[in-house]
There are 2 protein chains.
Amino acid sequence: MSDATKQQSVAPAEMGDQDRTPRTERGRRTLRALLDAAAQEFGAKGFHATGITDITRRAGVALGSFYTYFTSKEEIFRALVTDLSAQVKAHVTPHVLAAPDALAKEQAALDHYLDFVSEQQLIYRIIDEAEFVAPDAYQDHYRSTVARIAARLQAGAAAGELREGVGEVEAWAIAGMNVFLGLRYGVWGNDRELRDVLERAHQLVADGLRKR
Amino acid sequence: MSDATKQQSVAPAEMGDQDRTPRTERGRRTLRALLDAAAQEFGAKGFHATGITDITRRAGVALGSFYTYFTSKEEIFRALVTDLSAQVKAHVTPHVLAAPDALAKEQAALDHYLDFVSEQQLIYRIIDEAEFVAPDAYQDHYRSTVARIAARLQAGAAAGELREGVGEVEAWAIAGMNVFLGLRYGVWGNDRELRDVLERAHQLVADGLRKR
DNA sequence: CTGAAACATGAATCAAGATTCAACTTGAAA
DNA sequence: TTTCAAGTTGAATCTTGATTCATGTTTCAG
């Protein structure tokens, strides 16, 4: 519960009006409790089905306190998306950096992405629902994710490990592949071994479908 | 407007209660108008932001008439998802059948899927939102879509055109790829030439990323 | 110790919008 | 023609739940 939103610096929360950043230790604790509770509730029931009261109840906080930290339900959702996006990145990046070559990097990325999704199952759905609740946050997430993939691919090509000319389109394709595999085998069902999924996907990315 | 939901046989609409299938020509016309209007409204504003009144207003029908045909907002949404799912299939299948070999079939599938998405932009988002509004309809859609892809791949392998052993996992990967490319280049922006996207994606699926 | 400034509280307010319903029309079968 | 099932109508009802606010309680700098 208290690790859904670990070391986050959270939202600026300045929105034209008052500055809602907590000034006290007590305040920071409450804010954290609200974010963690919101992650659980939104993750389990979705944006529209969860009420502010659900969030405050789970956080062990009075209804009115919510508005000390957020101006609306959308605002906390948006903060959560930003935070989760950073978490995915933080979870995956070190393993990518540690991988020896371009193809291994893509495999590592998928591997630890599947990891994260499997662990965070419900919570991960928040990012997907953002497509409808906070489209800009959703686009930011995927645009920056894909930008990182594309940069890796180009570096790999420059190093002579990948075909010349790979770039943005290939990056979107890989991102889509990863997301669907995560949804199907990480969230919907744990039937098939993730290791098997990983190997098959990687073979596809590396060498395609054609018989040789 | 009147072609978003062309020759559909629409929903059974029997749900434990009365049979709401129209018995008159007039009734069938109204039902059609409601479905078309709903597709427009849901597509443009999303499920929660569109009211029943928005739908009936656009359909040129009184509020109460809605409940002659549907028991709830969710029900019409579900009917729409089922219908759109069938439309995508209908749009893509003939071209797949016409393609000469396994790889060409996958290319044709992506090609005409991108087509459909580009044409139907907003409307297509309905299927995506179903992940949260009608999860079972969403799963049905993708499970059956993927089943078709997997069957094609297996047939291709049997014909000696594809690697041995390709199947479900590869099919999910391809589906994810297609969906993301459709979202990025079909819905979000028409910047890059779809032909270029198509070629790059196909090369990836056929031969992978590795330098040879 | 003391008094703002921060923070907490939850009943009351308010708006939106889904659903119901009783009265009215239409159209085609008899 | 007549009649009735099918279809139409929109004002009224009902729920739900987000947001406000007036009133307490805590914290901490000085």
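Residue numbers begin at 1 in each chain, while the letters A, B, ... track the order of the sequences.
Residues Arg23(A) and Ser65(B) each lie close to DNA chain C; by heavy-atom proximity, the contact nearer the 5' end of the strand is made by Arg23(A).
Here Thr50(A) lies in heavy-atom contact (under 4.0 Å) with sugar-phosphate atoms only. Within the nucleic acid shown, Gly64(B) comes within 4.0 Å of at least one base atom, counting heavy atoms only.
Closest contact between the side chain of Tyr67(B) and the listed nucleotides dA6(C), dT8(D), dT20(C) involves dT20(C). Distances from the side chain of Lys73(B) to the nucleotides dT8(D), dA18(C), dG10(C) place dA18(C) closest. Picking from dA6(C), dT19(D), dG7(D) the nucleotide with the shortest atom distance to the side chain of Arg26(B) gives dG7(D). Side-chain proximity of Leu63(B) to dG7(D), dT19(C), dA18(D): nearest is dT19(C). Comparing dA6(C), dG10(D), dA18(C) against the side chain of Ile52(B) picks out dA18(C) as the nearest. Listed nucleotides: dT19(C), dG10(C), dA6(D). Nearest to the side chain of Ala62(A): dG10(C).
Two residues are said to be in side-chain contact when any heavy atoms from C-beta on lie closer than 4.5 Å; Leu194(A) and Tyr185(A) meet this criterion.
Put simply, CD1 on Ile76(B) is 12 Å from P on dA18(C), counting in whole angstrom units. Atom-to-atom, CZ of Phe66(B) to C1' of dC21(C) comes out at 17 Å; the value is rounded to the nearest Å. Between the CG atom of Leu31(A) and the C1' atom of dA8(C) there is a distance of 15 Å, given to the nearest Å. In this entry the distance linking CG of Leu34(A) with P of dA8(C) reads 9 Å, nearest Å. Atom CZ in Phe70(A) sits about 12 Å away from atom P in dA8(C), given to the nearest Å. The separation between Arg32(B) atom CZ and dG7(D) atom C1' is 18 Å, rounded to whole Å. The CD atom of Glu25(B) sits 14 Å away from the C1' atom of dT26(C) (whole-angstrom rounding). Computed from coordinates, the His48(A) NE2 to dG17(D) C1' distance equals 13 Å when rounded to whole Å.
Across Ala173(A) and Leu204(B), no two heavy atoms sit closer than the pair CB-CD2, 3.7 Å.
Residue Thr24(A) has a polar side-chain atom (N or O) positioned under 4.0 Å from OP1 or OP2 of dC7(C). Residue Thr30(B) places at least one side-chain N or O under 4.0 Å from the OP1 or OP2 atom of dT8(D).
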Side chain to side chain contact (heavy atoms under 4.5 Å, CB included) assessment of Phe116(A) paired with Ile123(A)
CA-CA 10 Å; Phe116(A) 182 86; Ile123(A) 293 190; 6.0 Å; no

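Checked against the 6.0 Å centroid threshold, Tyr142(B) and Phe180(A) count as a close aromatic pair.
Ring geometry for Tyr113(B) against Tyr124(B) counts as perpendicular: the plane angle is over 60°, on a 0 to 90° scale with 30° as the lower cut.
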